Amino acid sequence: MRIATWNVNSVRARLERLLPWLAERQPDVVCLQETKCIDEKFPREEIEDAGYQVALHGQKTYNGVAILSKKPIEDVTRGVGIERFDKDARVIGATVEDVMVLCVYVVNGHEVGHPRYDYKLEWLGALRDFIVDRFPMDEKVSVCGDFNVTFDDLDVYDPERWRGRILCSGPERKALTDLCETGLQDGLRPFHPEGGVYTWWDYRRRGFEQGNRGLRIDHHLLSPSAMACCSGVEVDFEARAGVRPSDHAPVIATLE
DNA sequence: ATGGTGGCGAGGCCA
């Protein structure tokens, strides 16, 4: 089973990239973030025609997450069960065959010290509690999505420039590694121990066009049994190139 | 270059 996660930065704006990508890559499960539309406006028919069932947790203008799957989607959950954190549509979970998938769009935080930064850290704590409650670590689990946090400087093209800043600060990184204390682990790093693999390149700085100046902030966090059957986690760099791309590339985990 | 681009939705917010 191949599971992809992709922050598409509006599913409607990205449909002309998403549909050919589904046809070419044929992932079994796709976790989308920042769909940016209510469920009634989600391009359901086009995606079903491409061979995928959909589970939606949408919202107008901001946020919005979805799970697409070739196989039946079961036991769909939305949010983390705490009203304060569920006002935004940032979490959707489902089971496909023997794999439990949780698709997350973590709060960005704006900048270190901003109220939204504190909220981000609280939000990550609530996500950890939800994972502890709901995801048995003897199951195959992927918690994947846009975490808006780098693990360490190997995930950063220019660590000095980014040191201590949003997406790279110590408290954010601790919140991310605390998520992994539940038993999950970074799925990609074992396959790319040298680092330098990125998933997001800023539109404003032309970070992609000007030479792979990116960060790795999109992740697959895998349970031990998922990791044990994982033969690779790769970034689809090509999807970031071309006409009207998202600012994020997809990350695909292959479970044998 | 503390700017810049992109999406939404129709001016400003968010990333």
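Labels below follow one simple rule: chain letters A, B, ... track the order of the sequence lines, proteins then strands, and each chain is numbered from 1. Just so it is clear, the structure is predicted and the values come from calculations on it, not from any experiment.
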>> How would you summarise protein contacts on nucleotides 3-9 of chain B per nucleotide, using B for base, S for sugar-phosphate only and - for none, with heavy-atom distances below 4.0 Å?
In response: BBBSSSS
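- Judged by distance alone, the side chains of A/Q33 and A/D146 never bring a donor and an acceptor atom under 3.5 Å apart.
- Separating the C1' atom of B/dC14 from that of B/dG9 is a span of 13 Å, rounded to the nearest Å.
- Residues satisfying the side-chain contact (heavy atoms from CB on, under 4.5 Å) test with A/R17, not counting sequence neighbours, are A/R14, A/P245.
- Comparing B/dA10 with B/dT5, their P atoms are spaced 23 Å from each other, to the whole Å.
- Between the CD atom of A/Q33 and the C1' atom of B/dA15 there is a distance of 14 Å, given to the nearest Å.
- Taking the P atoms as reference points, B/dG11 lies 35 Å from B/dA1, given to the whole Å.
- With contacts defined as side-chain heavy-atom distances shorter than 4.5 Å, the pair A/V251/A/H220 qualifies.
- Every residue was checked against the ring pair (Phe, Tyr, Trp, His ring centres under 6.0 Å) condition with A/Y105, not counting sequence neighbours, and none meets it.
- Across residues 106-119 of chain A, A/N108, A/R116 each have a non-hydrogen atom less than 4.0 Å from an atom of DNA chain B (numbered order).
- Rounded to a whole Å, the CG atom of A/N7 is 11 Å from the P atom of B/dA15.
- Sorted by first and then second residue, the side-chain hydrogen bond (donor to acceptor under 3.5 Å, both in side chains) pairs with a member in residues 53-62 of chain A read A/Q59-A/N63; sequence neighbours excluded.
- Under the ring pair (Phe, Tyr, Trp, His ring centres under 6.0 Å) criterion, A/F130 pairs with no residue at all, not counting sequence neighbours.
- Computed from coordinates, the A/K87 NZ to B/dC14 P distance equals 13 Å when rounded to whole Å.
- Computed from coordinates, the A/L167 CG to B/dC14 P distance equals 16 Å when rounded to whole Å.
- If you take CG of A/D146 and C1' of B/dA15, they are 10 Å apart, rounded to a whole angstrom.
- For A/D178, the side-chain contact (heavy atoms from CB on, under 4.5 Å) partners at least two apart in sequence or on another chain are A/R128, A/K174, A/E181.
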What donor-acceptor contacts under 3.5 angstrom involve side-chain atoms of residues 186-197 of chain A, with partners at least two apart or in another chain?
{"residue": "A/D186", "atom": "OD1", "partner": "A/L188", "partner atom": "N", "Å": "3.2"}
{"residue": "A/D186", "atom": "OD1", "partner": "A/R216", "partner atom": "NH1", "Å": "3.1"}
{"residue": "A/D186", "atom": "OD2", "partner": "A/R216", "partner atom": "NH2", "Å": "2.6"}
{"residue": "A/R189", "atom": "NH1", "partner": "A/D152", "partner atom": "OD2", "Å": "2.9"}
{"residue": "A/R189", "atom": "NH2", "partner": "A/D152", "partner atom": "OD1", "Å": "3.0"}
{"residue": "A/R189", "atom": "NH2", "partner": "A/D155", "partner atom": "OD1", "Å": "2.9"}
{"residue": "A/H192", "atom": "NE2", "partner": "A/E234", "partner atom": "OE1", "Å": "3.0"}
{"residue": "A/H192", "atom": "NE2", "partner": "A/E234", "partner atom": "OE2", "Å": "3.3"}

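- Scanning for salt bridge (charged side-chain N to carboxylate O under 4.0 Å, His left out) contacts around A/R12 gives an empty result, with sequence neighbours left out.
- The nearest whole Å value for the distance from the CD atom in A/Q210 to the P atom in B/dA1 is 14 Å.
- Residue contacts for A/F208: at a heavy-atom cut-off of 4.0 Å it reaches no nucleic acid atom on any strand shown.
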